[in-house]
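Take a look at the structure below.
A note on names: the letters A, B, ... follow the listed sequences, proteins ahead of strands, and every chain is numbered from 1.
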There are 2 protein chains.
Amino acid sequence: MKDLMQEEKKGFVRKTRQRELILKTLRSTNSHPTADWIYERVKKEMPNISLGTVYRNLGTLREMGEIMELNYGSKFSRFDGNPENHYHFVCTKCGKVMDVEGCSVDREVDEMVARENNVEVFFHRMEFYGLCSDCKEK
Amino acid sequence: MKDLMQEEKKGFVRKTRQRELILKTLRSTNSHPTADWIYERVKKEMPNISLGTVYRNLGTLREMGEIMELNYGSKFSRFDGNPENHYHFVCTKCGKVMDVEGCSVDREVDEMVARENNVEVFFHRMEFYGLCSDCKEK
DNA sequence: ATGAAAAAGATAATGATTACTATTTTAAAT
DNA sequence: ATTTAAAATAGTAATCATTATCTTTTTCAT
């Protein structure tokens with residue numbers, strides 16, 4: 001019987017070795033890597049994996065809420081294995097992306113924005129731009 | 001004499017009809033348009049303008065601090081004719097980008113982040129994600 | 001007005017991401 | 001354990017926003 005299950009998003013997500021390796025790899029770094037970086041890394045352990053598979057699974061993992069996709073500067077996406085919402089710092093010189101410490105997410109800001117702009121707010125993001133510790137030395 | 005002027009960025013920026021029209025067009029809307037939207041709009045007044053010229057000038061205007069380039073969702077850039085730093089709301093359903101009212105930029109947050117993370121902060125950005133007034137009706 | 005530098009216009013190239021397709025794998029039902 | 005249909009993979013081609021290239025035109029200081 002075509003029942004309730006059919007109401008789900010798009011069928012059903014199966015567990016695969018590829019996706020598990022991709023997630024493990026992304027979770028093992030805090031460098032906010034690109035899809036290509038992950039591909040190169042994962043290929044060492046699973047040489048036949050396809051770049052398309054990496055992209056497809058990063059998309060799936062994002063939809064599952066397991067990871068975040070970041071778009072600073074438009075050229076290409078970066079991925080963050082930490083799905084909890086947190087802020088980022090982007091170095092305008094070397095392009096490095098880091099997690100920001102010591103800045104708490106203020107949930108009531110969302111409510112204020114929702115009220116003032118007649119919208120519904122799910123979450124917000126915040127990025128700080130400047131020179132990272134390495135680049136500001138020079 | 002090759003003098004101080006040579007120290008400048010990249011020579012010297014000349015005034016062109018094309019760039020002025022592009023800036024005027026961008027300043028005349030608050031819809032945060034894409035490069036292609038601007039191109040189509042500008043073409044009505046200057047039919048021979050090239051898409052490359054639009055991109056080149058949007059880049060120049062950004063470097064001049066006259067406009068902002070926004071990258072939410074990675075697919076393509078949007079441009080904002082308001083160069084003063086302000087926050088944005090992105091509708092996760094229809095993709096519309098709006099300015100956020102009633103949320104003041106807290107400059108001391110930058111200082112805190114700089115202190116806690118040993119970086120230099122020039123500015124920050126903030127984006128709220130959710131449903132716009134149109135989309136939340138349905 | 002003149003000339004060198006800068007920008008435009010037209011078009012090709014780039015490159016990250018997505019789409020396509022035949023084959024393989026997963027996992028539920030037998 | 002075997003079967004089977006759906007889902008995912010590998011490999012490759014296609015997409016498309018953005019850049020680069022190159023020749024001609026325009027700008028602007030002299």
Side-chain angles (χ1 to χ4, degrees), chain A residues 1-23 32-40 42-64 66-67 69-79 95 97, chain B residues 1-23 25 32-40 42-43 45-64 66-67 69-79 95 97:
Chain A
M1 55 275 291
K2 312 274 184 61
D3 57 15
L4 316 187
M5 284 309 188
Q6 298 292 335
E7 308 306 320
E8 304 266 37
K9 270 285 166 50
K10 249 325 177 18
F12 161 36
V13 178
R14 288 183 169 156
K15 188 187 290 190
T16 64
R17 293 187 306 117
Q18 287 84 345
R19 185 183 312 121
E20 293 196 330
L21 178 55
I22 289 166
L23 182 56
H32 308 83
T34 63
D36 203 66
W37 185 96
I38 296 167
Y39 172 58
E40 292 299 336
V42 151
K43 213 161 48 170
K44 289 172 181 165
E45 197 158 333
M46 198 180 278
N48 285 345
I49 198 170
S50 169
L51 179 58
T53 298
V54 173
Y55 272 103
R56 190 178 341 99
N57 278 299
L58 288 171
T60 303
L61 289 165
R62 172 171 40 76
E63 282 167 16
M64 293 166 69
E66 294 287 331
I67 68 174
E69 182 171 357
L70 311 175
N71 307 111
Y72 308 136
S74 171
K75 291 255 170 299
F76 38 74
S77 286
R78 291 176 170 279
F79 295 89
V97 176
Chain B
M1 61 278 290
K2 313 274 183 62
D3 56 14
L4 313 187
M5 282 310 188
Q6 296 293 332
E7 308 306 321
E8 305 265 37
K9 271 283 166 49
K10 250 323 175 22
F12 161 36
V13 178
R14 287 180 174 158
K15 188 187 290 187
T16 66
R17 291 186 308 119
Q18 286 83 347
R19 186 183 312 123
E20 292 195 332
L21 178 56
I22 290 166
L23 182 56
T25 302
H32 308 83
T34 63
D36 204 66
W37 185 96
I38 296 167
Y39 172 58
E40 293 298 337
V42 150
K43 214 162 46 173
E45 197 158 333
M46 198 182 277
N48 285 343
I49 198 168
S50 169
L51 179 57
T53 297
V54 172
Y55 274 103
R56 191 179 335 103
N57 278 300
L58 288 170
T60 303
L61 289 165
R62 173 172 40 77
E63 283 168 15
M64 291 166 70
E66 294 287 331
I67 68 175
E69 182 171 358
L70 311 175
N71 307 109
Y72 308 135
S74 174
K75 292 251 171 300
F76 36 73
S77 286
R78 291 176 172 278
F79 295 88
V97 176

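- Counting any heavy atom pair closer than 4.0 Å across all strands shown, B/Thr53 reaches a base atom.
- Remark: A/Tyr55 pairs with A/Ala35, A/Leu51 by the side-chain contact (heavy atoms from CB on, under 4.5 Å) rule, at least two apart or across chains.
- Toward the 5' end of DNA chain D, the nearer of the two residues B/Thr16 and B/Thr34, judged by each one's closest nucleotide, is B/Thr34.
- Summarising the geometry, the separation between NZ on A/Lys15 and C1' on D/dA6 is reported as 18 Å, rounded to the nearest angstrom.
- To the nearest angstrom, P of C/dT17 lies 10 Å from CD1 of A/Ile38.
- As a whole-Å value, the separation of A/Phe79 CZ from C/dT17 C1' is 10 Å.
- A/Ile38 and A/Ile22 get closest at one heavy-atom pair: CG2-CG2, 4.2 Å.
- Here the closest non-hydrogen pair linking A/Ile49 and A/Lys43 is CG2-CA, 4.2 Å.
- In this entry the distance linking CG of A/Leu21 with C1' of D/dT9 reads 14 Å, nearest Å.
- With sequence neighbours excluded, the residues satisfying side-chain contact (heavy atoms from CB on, under 4.5 Å) with B/Arg17 are B/Met46.
- Between A/Val13 and A/Arg19, some side-chain heavy-atom pair lies under the 4.5 Å cut-off.
- In this view, B/Arg14 satisfies the side-chain contact (heavy atoms from CB on, under 4.5 Å) rule with no residue, not counting sequence neighbours.
- Taking five base pairs at each end of the helix from C/dA1-D/dT30 to C/dT30-D/dA1 and finding the rotation axis that steps the C1' atoms of four pairs onto the next four gives two axes whose angle is 40°, to the nearest 10°.
- Within the 4.0 Å cut-off from OP1 or OP2 of C/dT25, not a single side-chain nitrogen or oxygen of A/Gln18 is found.
- Here B/Asp36 lies out of heavy-atom contact (under 4.0 Å) with every strand.
- Side-chain nitrogen and oxygen atoms of A/Ser77 include at least one within less than 4.0 Å of the OP1 or OP2 phosphate oxygen of C/dT17.
- How far CD of A/Gln18 is from CD of A/Glu20: 10.0 Å, rounded to the nearest 0.5 Å.
- The CZ atom of B/Arg17 sits 10 Å away from the C1' atom of C/dA8 (whole-angstrom rounding).
- Below the 3.5 angstrom threshold, one finds no donor paired with an acceptor across the side chain of B/Ser50 and the base of C/dA8.
- Take A/Thr34 and apply the side-chain contact (heavy atoms from CB on, under 4.5 Å) test, not counting sequence neighbours, and it matches A/Asp36, A/Trp37, A/Phe76, A/Arg78.
- What separates CD of A/Glu20 from P of D/dA8 is a distance of 13 Å, to the nearest Å.
- Regarding A/Asn57, its CG atom lies at a distance of 15 Å from the P atom of D/dA7, rounded to whole Å.
- Closest approach of A/Asn71 and A/Ser77 over heavy atoms only: ND2-OG, 2.8 Å.
- Distance, B/Arg19 CZ to C/dA8 P: 6 Å, rounded to whole Å.
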Could you go over nucleotides 19-26 of chain D and give all protein N or O partners under 3.5 Å, atom names and distances?
{"from": "D/dT19", "atom 1": "OP1", "to": "A/Lys75", "atom 2": "NZ", "distance (Å)": "3.1"}

